[in-house]
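Every value quoted in this text rests on a predicted model; they were computed, and no experiment measured them. The analysis underlying the following values was restricted to heavy atoms, covering all of them including side chains, and did not include hydrogens, waters or symmetry mates.
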Amino acid sequence: QVQLVESGGGLVQAGGSLRLSCAASGGTFSTYAQGWFRQAPGKEREFVAASSRSGGIEMYADSVKGRFTISRDNTKNTMYLQMNSLKPEDTAVYYCAVRRSLITTYPSLDPATYDYWGQGTQVTVSS
C-alpha cells in the first residue's frame, strides 16, 4: 500500500508560480509512474501531466503545456509539479497519483489506470 501526501498548494496571483510536492511512502517509489490531475468545482477530474516511470517521457494537457513541469526525485520518494504563469482557470484541487508500471510503459492520461492517490491540495489563482 502506497501513501501519497501532497503539499505546496495555496493562493497566488495570476502570473505567479507554485510548486506542488507529493511524498510517497509504503512502496518502492521508483517502480511507479506518476501523474497529476485536477478538479475544479462542478467539473470532472481532468488530466494535467504525467510521466513514465523513468521520467523520460512526459505528457501535458494542452492547457498547461509550456507552463507546468512534472518531475520526480527517487532518492526522496517525491514527485513535483512546477506551475508557472498561473491563470485563474488553473484554480482547482490538484491530486497526485501513481501507477505500477514497467520502465517502458507510456504515461497514462486516464485516471482509472492509477493505483494510488493523494488527498488533494487546493490551488487558487486570483485575477
If you measure from SG on Cys22 to CZ on Arg72, what distance do you get to the nearest 0.5 Å?
10.5 Å
Cluster link Val12 to Val48, ILVMFWY, side chain under 4.5 Å
yes
How close do Asn74 and Asn77 get, counting heavy atoms only, and between which atoms?
O-OD1, 3.1 Å
Is there a side-chain contact between Thr91 and Gln122 (heavy atoms, below 4.5 Å)?
yes
Gap between atom CG of Leu20 and atom SG of Cys96 - 0.5 Å precision
9.0 Å
Same hydrophobic cluster for Tyr95 and Ile70, using side-chain heavy-atom links shorter than 4.5 Å among ILVMFWY?
no
Leu86-Phe47 co-clustered via ILVMFWY side chain contacts under 4.5 Å
no
Test Thr69 against Tyr60 for side chain to side chain contact (heavy atoms under 4.5 Å, CB included), laying out the working first.
CA-CA 8 Å; Thr69 303; Tyr60 296 92; 3.8 Å; yes
Side chains of residues 34-43: which donor-acceptor pairs under 3.5 Å do they make with residues two or more places apart or in other chains?
| residue | atom | partner | partner atom | Å |
| --- | --- | --- | --- | --- |
| Gln34 | NE2 | Ser51 | OG | 3.0 |
| Gln34 | NE2 | Ser71 | O | 3.3 |
| Trp36 | NE1 | Tyr80 | O | 3.3 |
| Arg38 | NE | Glu46 | OE2 | 2.6 |
| Arg38 | NH1 | Asp90 | OD1 | 3.0 |
| Arg38 | NH1 | Tyr94 | OH | 2.9 |
| Arg38 | NH2 | Glu46 | OE2 | 3.1 |
| Arg38 | NH2 | Ser63 | OG | 3.4 |
| Gln39 | NE2 | Lys43 | O | 3.0 |

Single-linkage hydrophobic cluster, 4.5 Å side-chain cutoff, Tyr114 and Tyr116 together
no
Asp62: what forms a salt bridge (charged side-chain N to carboxylate O under 4.0 Å, His left out) with it, not counting sequence neighbours?
Lys65
To the nearest 0.5 Å, atom CZ of Arg53 lies from atom OG1 of Thr105 at 8.5 Å
Are Val93 and Leu81 joined in one hydrophobic group, where the rule is that I, L, V, M, F, W and Y side chains link up if heavy atoms are under 4.5 Å apart?
no
